[in-house]
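Read the structure below first, then the notes.
Predicted model only: the values in this text are computed from it and were never measured. Order of the sequence lines fixes the chain letters, A, B, ..., with proteins taken first and strands second; residue numbering starts at 1 for each chain.
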Number of protein chains: 2
Amino acid sequence: MAVRLKDIARDLGVSLITVSKALRGKNDISEETRQRVLTRMAELNYRPNMLARGLASGKSYIVGLVVPDLLHPFFAEFAKSLNGVLRRNNYGLILASSEENPELEQQEIQNVLARGIDALVIASCQPALRGFYGIEDQSTPFVLIDRDFPHLRAHFVGTDDYAAGRLATRHLVQVGRRRIAHIAGPDLSPSADRMRGYKDELTASGILVRQSYIISSSYVEELGEVAGNRIMRKLLDRRPRPDAVFCYNDLTAIGAMSAVMSAGLAIPDDIAFVGCGNVRYSEHLRTPLSSVDQSTSELGEQAGKLALELIGSDCTAPRQIRLQPRLIIRASSQKSAPPARGTSVGKGQSSGRIRSSSRR
Amino acid sequence: MAVRLKDIARDLGVSLITVSKALRGKNDISEETRQRVLTRMAELNYRPNMLARGLASGKSYIVGLVVPDLLHPFFAEFAKSLNGVLRRNNYGLILASSEENPELEQQEIQNVLARGIDALVIASCQPALRGFYGIEDQSTPFVLIDRDFPHLRAHFVGTDDYAAGRLATRHLVQVGRRRIAHIAGPDLSPSADRMRGYKDELTASGILVRQSYIISSSYVEELGEVAGNRIMRKLLDRRPRPDAVFCYNDLTAIGAMSAVMSAGLAIPDDIAFVGCGNVRYSEHLRTPLSSVDQSTSELGEQAGKLALELIGSDCTAPRQIRLQPRLIIRASSQKSAPPARGTSVGKGQSSGRIRSSSRR
DNA sequence: GCATATGCCGGTAGCGCTAACGTATTTGTC
DNA sequence: GACAAATACGTTAGCGCTACCGGCATATGC
């Protein structure tokens with residue numbers, strides 16, 4: 001078995017307690033004994049048993065993360081970034097996936113809570129109508145990410161999706177499009193907010209919002225790419241035919257663009273595209289895809305910091321952190337060859353700026 | 001606080017241990033009391049405290065996963081798949097990332113071991129020369145994935161990378177190329193094996209292996225895409241100029257292809273490409289990329305199963321599981337328009353077949 | 001001089017659970 | 001009806017660690 005505190009204590013002729021205190025930097029230990037203990041620990045390659053520590057202290061130094069799909073580049077990047085913050089603060093990460101299944105999500109939440117996690121970070125896939133529940137009554141602090149549930153008064157870190165919708169739509173208007181369609185996502189806050197942005201921007205530009213130009217995909221039904229393809233074929237039948245599409249995410253856009261090309265139409269000449277999420281490959285696609293970037297890794301950092309902060313202090317007022325998105329313009333929405341790596345067009349000057357506010 | 005075994009015991013007027021046994025399906029409990037206990041547990045929404053259970057039983061029901069980079073689609077897909085297996089067996093997953101840094105990796109291994117994990121799954125980034133060390137002496141079973149360390153006699157799950165190298169190269173030969181270059185990866189088994197396959201296949205086809213056609217990138221230096229671009233520019237200066245390139249992975253291929261296009265050359269007419277890994281977006285690229293698929297999700301499943309198996313029985317002979325790769329042919333290596341979704345060309349009929357063997 | 005402070009160390013109890021063994025009661029066997 | 005064996009439940013002793021309090025020096029106050 002591994003070396004324990006007891007072993008070091010016996011080895012050094014001091015009490016177990018003294019060793020424990022030296023390890024944890026308590027200040028009722030003389031500097032001399034602390035050094036004796038610490039060097040011996042290093043020699044014996046001592047590692048505290050975190051299970052025991054967790055049980056005794058009530059703190060596990062683990063944060064739980066529940067995402068709908070690790071394969072989605074957004075969540076992968078988010079997880080990586082979150083993991084970095086946690087590691088730098090000596091926290092571990094326990095990961096669970098809901099596979100976009102609300103029941104499974106509930107179960108996984110219970111599972112990670114049973115592990116004694118100190119905080120939970122979660123992108124919930126509970127239907128917006130039903131909302132999110134199950135942790136509010138627990139004492140473990142939690143941070144919602146990406147998908148907000150406004151009536152919950154919970155901590156949230158995510159993108160300003162309303163701004164994303166306006167940004168994308170405004171760009172399409174500015175490049176001269178008028179018949180702008182929208183492929184929406186599942187009925188959750190990011191999709192809903194982006195759609196609101198889309199509609200508001202159209203209205204602000206004096207363009208009528210047509211319901212026939214808006215079609216929703218849904219996660220449960222099928223994957224984004226396939227859904228995008230299917231929905232785009234429907235949109236191509238609309239009269240007058242759309243001359244631009246703002247897609248809920250890049251994967252959907254990829255599917256939609258492939259439908260357009262199959263139909264023998266040109267991008268962006270016949271139909272322009274803007275996606276959302278700016279996944280890594282978007283600039284290398286058959287037609288490089290314009291997309292709204294949401295600084296995912298910054299989101300992970302913010303969520304991690306917030307979670308760690310919440311572990312210390314209890315029950316602060318719900319904090320909302322929404323990062324401003326920025327538009328990356330590529331060939332799918334602009335005829336003239338754009339600069340190689342895409343051009344950044346944000347609301348302000350600096351990218352990924354943060355607007356933080358206490359709700360209510 | 002959460003409800004404990006003690007609470008249920010008091011509530012039901014039985015002893016704590018009876019409740020514990022009922023929970024864990026021990027068979028020295030009458031069916032009647034078991035039902036009484038179980039229903040009361042469900043009512044009170046009892047969740048066993050896994051920290052306490054782990055401490056008492058020496059089993060945490062957690063598997064640790066250490067990967068070099070979660071953002072890499074291979075590891076993301078692997079992690080997702082592994083997580084699925086674990087969940088179905090009531091195991092949790094604790095995730096750590098080494099960021100391709102050997103020192104950090106060592107540290108993270110120690111960290112997850114301190115959590116009392118029952119098994120470790122790891123894609124190590126230790127330099128091949130130095131090899132992998134630090135767990136062998138521990139009692140925790142571990143499974144190496146993707147990157148093998150043959151001298152270690154450890155359990156391994158990965159792709160038959162040698163076959164991958166031969167497969168890709170053979171295809172390029174078959175489409176009439178003779179001056180086939182290779183962009184290799186960091187000095188680890190996947191890259192080394194793929195290169196061996198590449199060389200052997202060239203030799204088998206009666207083509208001379210030229211050292212000037214082989215250039216290595218390296219993870220530590222820079223990202224695959226950038227490296228691919230840089231290295232391709234070097235390859236374009238070689239005389240005679242290569243007419244095909246087999247790339248260590250898809251990301252490198254993307255960078256390399258962009259260098260070729262910048263140089264005003266055509267793909268595949270002037271230079272054909274085959275990548276490795278078959279990431280999701282490869283078929284939607286500017287030029288859809290032929291790639292060797294390694295059934296990543298099957299790898300995750302196999303690794304998970306093996307890890308769980310090892311937890312039960314101790315110290316079986318090192319098991320090696322190598323999945324057969326299959327080639328997906330797309331436009332980057334074949335002039336004529338290929339079928340929409342790519343064509344599978346494997347060694348055998350069935351894809352992702354497994355060859356398992358005990359080493360030595 | 002006594003009380004209070006301060007630095008350093010240790011003992012005791014317990015976190016919530018399980019392994020291993022003990023005790024009561026029932027059942028089977030001849 | 002005596003013995004063994006099986007069934008059903010409980011007691012005891014930890015897992016490795018930490019929180020809390022209690023001691024015993026030496027230092028400080030007036």
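- The nucleotide whose nearest atom lies closest to any side-chain atom of B:Ala52 is, among C:dG16, D:dT18, C:dC21, C:dG16.
- Distances were taken from every side-chain heavy atom of B:Ser30 (C-beta onward) to each of D:dC9, C:dT18, C:dC9; the shortest belongs to D:dC9.
- Residue B:Thr33 places at least one side-chain N or O under 4.0 Å from the OP1 or OP2 atom of D:dC9.
- Rounded to whole Å, the distance from CG on A:Leu5 to P on D:dC15 is 13 Å.
- A donor-acceptor contact under 3.5 angstrom links the side chains of A:Ser97 and A:Glu99, judged on distance only.
- Look at NZ on B:Lys21: it is 10 Å from C1' on C:dA19, rounded to the nearest Å.
- When the side-chain nitrogen and oxygen atoms of B:Ser57 are compared with OP1 and OP2 of C:dT18, none of them lie within a distance under 4.0 Å.
- If you check distances only, the side chain of A:Asp28 never reaches the base of C:dC8 with a donor-acceptor pair under 3.5 Å.
- We find that CD1 of A:Ile8 is positioned 12 Å from C1' of D:dG16, with the value rounded to whole Å.
- A straight line from CG of B:Leu16 to P of D:dT12 spans 13 Å, rounded to a whole angstrom.
- For D:dG16, the OP1/OP2 oxygens have no side-chain nitrogen or oxygen of A:Arg53 closer than 4.0 Å.
- B:Lys26 places its NZ atom 14 Å from the C1' atom of C:dC21, with the value rounded to the nearest Å.
- For B:Ser20 and C:dC17, the shortest distance from a side-chain N or O to OP1 or OP2 is not below 4.0 Å.
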Report task. Output, in order, the C-alpha distance, side-chain angles, deciding distance and verdict of side chain to side chain contact (heavy atoms under 4.5 Å, CB included) for A:Leu23 and A:Tyr46. Result -> CA-CA 10 Å; A:Leu23 171 65; A:Tyr46 170 78; 3.8 Å; yes
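- Remark: P of D:dC9 and CG of B:Leu12 are 11 Å apart, rounded to the nearest angstrom.
- Between A:Phe78 and A:Val121 the shortest side-chain heavy-atom distance falls below 4.5 Å.
- Mapping B:Leu55 and B:Arg34 onto DNA chain D via the closest heavy atom, the residue that lands nearer the 5' end is B:Arg34.
- When distances run from any side-chain atom of A:Asn49 to the nucleotides D:dT11, D:dT18, D:dG16, the shortest one goes to D:dG16.
- Here A:Ser15 does not reach the OP1 or OP2 of C:dC9: none of its side-chain N or O atoms lies under 4.0 Å away.
- Using a 4.5 Å cut-off on side-chain heavy atoms (C-beta onward), B:Val85 and B:Gln302 make no contact.
- Out of D:dT11, D:dC15, D:dT18, the shortest distance to the side chain of B:Ala56 is found at D:dC15.
- Taking atom NZ of residue B:Lys59 and atom P of nucleotide C:dC17, one finds them 17 Å apart after rounding to whole Å.
- Side-chain N/O atoms of B:Arg4 include none lying less than 4.0 angstrom from OP1 or OP2 on C:dC17.
- In this entry the distance linking CG of B:Leu51 with C1' of D:dT18 reads 14 Å, nearest Å.
- Within the 4.0 Å cut-off from OP1 or OP2 of D:dC17, not a single side-chain nitrogen or oxygen of A:Tyr61 is found.
- With a 4.5 Å cut-off on side-chain heavy atoms, B:Ser124 and B:Phe149 count as touching.
- Within the 4.0 Å cut-off from OP1 or OP2 of C:dC17, at least one side-chain nitrogen or oxygen of B:Tyr46 is found.
- Nearest approach of A:Leu70 to A:Ala79, heavy atoms of both residues: CD2-CB, 4.4 Å.
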